[in-house]
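Each remark here refers to the structure printed beneath this line.
Everything numeric in this text was worked out from a predicted model, so none of it was measured. Here is the naming used below: chain letters follow the sequence lines, and residue numbers restart at 1 for every chain.
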Number of protein chains: 2
Amino acid sequence: MRNNKYYTIYLEWAEKIKSGEIKPGEILPSENDLTKTYKTSRETIRKALNLLAQNGFIQKVKGKGSIVLDVQKMSLPFSGLVSFKEVSEHSGMKTKTTVHEFALMKPNEFIKQQLQASPKDEVWKIVRSRNINGEEIILDKDYLLRKHVPFLSKEICEGSIYEYLEKKLKLNISFAKKEIIVEKVTDEDRKYLELDRFDHIVVVKNHVYLDDAALFQYTESRHRLDKFRFVDFARRGL
Amino acid sequence: MRNNKYYTIYLEWAEKIKSGEIKPGEILPSENDLTKTYKTSRETIRKALNLLAQNGFIQKVKGKGSIVLDVQKMSLPFSGLVSFKEVSEHSGMKTKTTVHEFALMKPNEFIKQQLQASPKDEVWKIVRSRNINGEEIILDKDYLLRKHVPFLSKEICEGSIYEYLEKKLKLNISFAKKEIIVEKVTDEDRKYLELDRFDHIVVVKNHVYLDDAALFQYTESRHRLDKFRFVDFARRGL
DNA sequence: AAGTGGTCTAGACCACAAC
DNA sequence: TTGTGGTCTAGACCACTTT
């Protein structure tokens with residue numbers, strides 16, 4: 001994956017904590033011990049431990065050591081930036097994706113605004129619904145700038161767009177600005193989802209950026225109220 | 001505040017970006033330049049820049065430099081761990097807090113579970129509603145372990161509990177596990193909030209931890225659907 | 001070729017917790 | 001007093017972008 005020393009060490013201990021080999025409340029070996037076992041410098045060990053702390057695996061306490069946190073009940077999957085496919089694979093639910101719209105279009109005013117596109121930019125529009133355990137629950141509306149994604153197909157959209165972008169196109173998705181609000185249900189929502197008598201829907205709006213800070217995708221993920229869940233680990237201040 | 005060199009540098013550039021003195025798309029001085037202007041080592045500069053990157057102020061690109069991101073439209077306030085008071089002060093809205101319940105109690109089963117409390121722990125229970133621009137919109141239910149908060153008063157709860165905990169009690173709130181879901185409206189919600197004909201409500205559940213990794217507070221923040229908004233900046237992978 | 005950020009090293013001194 | 005994590009330094013080499 002990466003040939004960073006500190007990242008390998010991070011993965012190794014993240015795995016030990018996730019698997020339960022090390023239990024919440026226990027203390028990791030000290031930084032000095034770790035420099036010896038890994039034959040590396042202390043700053044490198046500290047980079048690995050800081051990653052663990054940032055991601056909610058440990059809490060570092062001055063004078064004491066690195067305390068393992070309870071990461072089990074976090075059900076991390078929905079946190080941060082993850083694609084539907086990654087989530088569903090981890091959670092072991094039966095899922096199915098249906099593509100309802102797939103087109104290359106000129107951006108309308110709304111999309112031009114969201115993607116900061118120029119009038120001559122072309123945009124892929126994809127509308128998909130997600131079936132989880134037999135119910136149509138999520139409606140995903142994706143808009144991608146053709147500038148960054150020259151080719152796309154309906155078949156790719158039935159799988160994971162992200163996998164295609166990262167593995168085939170070697171695009172590096174780097175960060176996203178996310179907004180969660182609740183909106184009134186639209187006709188489109190009712191058309192593709194099983195909404196019963198719900199008249200509101202949770203909308204997750206995402207602006208996604210590449211590693212050169214270029215905005216390349218705008219996504220609206222529309223979730224039925226009763227099935228929506230978002231979990232997050234947040235450190236205060238810095 | 002802190003006498004870290006890297007944190008001071010971070011604050012300085014965060015301010016320059018927030019104020020618009022440096023505009024989105026511009027490039028920061030190189031790390032080598034910054035070591036000279038601050039007469040410090042490169043690793044220290046890098047700590048400051050990494051903080052800026054983590055918090056969505058810049059994007060670092062190898063071979064190019066640190067690109068300033070558009071932080072304006074993020075309306076950061078609701079991101080991560082922030083108290084109601086901090087949010088309302090930044091946004092300049094007229095807000096008012098009403099304390100409906102204030103008591104020291106033995107934890108029931110639910111609270112015992114949420115706070116991982118022993119039967120002999122005592123718990124502060126506070127129920128407050130938040131009035132924003134003349135409407136009762138948010139219902140906050142707080143449970144704090146007396147173990148960590150020996151004294152509390154109704155007056156303190158009318159202001160900011162967090163300010164009291166951090167400034168007076170010198171508690172260091174360090175991180176939180178947050179969960180956002182939608183629930184059916186309860187009688188209690190209707191009693192204290194102006195819910196019109198909404199029959200669902202957005203619930204933000206928070207488990208809050210001190211810097212020694214001790215869980216000390218469980219909070220449910222219940223928001224009227226139409227007024228709820230959550231924004232987040234998320235980096236992919238590490 | 002020159003400049004940029006990314007990784008890594010081997011030391012140093014400090015504040016804090018435990019013994 | 002000893003061990004812990006937190007900060008800081010001055011150097012090194014690398015991969016990448018720009019000129």
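Going from atom CG of A:D212 over to atom C1' of D:dC16 covers 13 Å, rounded to whole Å. Rounding to whole angstrom units, CG of residue B:L49 and P of D:dC8 are separated by 14 Å. Between the CD1 atom of B:I45 and the P atom of C:dG5 there is a distance of 11 Å, given to the nearest Å. For B:L51 and D:dG6, the CG to C1' distance is 13 Å, given to the nearest whole Å. Distance B:I27 CD1 to C:dG3 P: 17 Å, rounded to the nearest Å. The interatomic distance linking A:I9 (CD1) with C:dT7 (P) rounds to 13 Å, in whole Å. For B:L28 and C:dG5, the CG to P distance is 9 Å, given to the nearest whole Å. Between the CG atom of A:N172 and the C1' atom of C:dG5 there is a distance of 15 Å, given to the nearest Å.
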B/S/- contact track for nucleotides 14-19 of chain C, protein heavy atom under 4.0 Å: --BSS-
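For C:dT7, neither phosphate oxygen OP1 nor OP2 lies less than 4.0 angstrom from any side-chain nitrogen or oxygen of A:T44. A close approach under 4.0 Å does occur between a side-chain nitrogen or oxygen of A:K60 and OP1 or OP2 of D:dG6. Look at B:Y6 and you'll find a side-chain N or O under 4.0 angstrom from OP1 or OP2 of D:dT7.
A heavy-atom distance below 4.0 Å to DNA chain C is reached by these residues of residues 29-43 of chain B, ordered by number: B:S30, B:E31, B:R42, B:E43.
Side-chain contact of B:Y162 with B:Q217: a donor-acceptor pair under 3.5 Å is present, judged by distance alone. Remark: the A:Q59 side chain and the A:R235 side chain contain an N/O donor-acceptor pair separated by less than 3.5 Å. Of the N and O atoms on the side chains of A:E12 and A:Y38, at least one donor lies less than 3.5 Å from an acceptor on the other residue.
Comparing the helix axis at one end of the helix from C:dA1-D:dT18 to C:dA18-D:dT1 with that at the other, each defined from 5 consecutive pairs, gives an inter-axis angle of 0° (nearest 10°).
A search for salt bridge (charged side-chain N to carboxylate O under 4.0 Å, His left out) contacts involving A:K60 returns A:E31, not counting sequence neighbours. For A:K64, there are no salt bridge (charged side-chain N to carboxylate O under 4.0 Å, His left out) partners, not counting sequence neighbours.
Heavy-atom minimum distance, B:L215 versus B:L145: O-CD1, 3.5 Å.
Note: B:F228 and B:H223 have perpendicular aromatic rings, judged against thresholds of 30 and 60 degrees for the angle between ring planes.
Considering only heavy atoms from C-beta on, A:K47 stays 4.5 Å or farther from A:L49 through its side chain.
Among residue pairs with one or both ends in residues 144-160 of chain B, those qualifying as salt bridge (charged side-chain N to carboxylate O under 4.0 Å, His left out) are B:D121-B:K147, B:E122-B:R146; sequence neighbours excluded.
Contact check on B:K125 versus B:D142 returns no salt bridge, with no Lys/Arg side-chain nitrogen under 4.0 Å from an Asp/Glu carboxylate oxygen.
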Candidate pair A:F216 and A:Y209, rule ring-ring contact (aromatic ring centres under 6.0 Å, His included), full reasoning: CA-CA 6 Å; A:F216 92 107; A:Y209 295 77; 8.9 Å; no
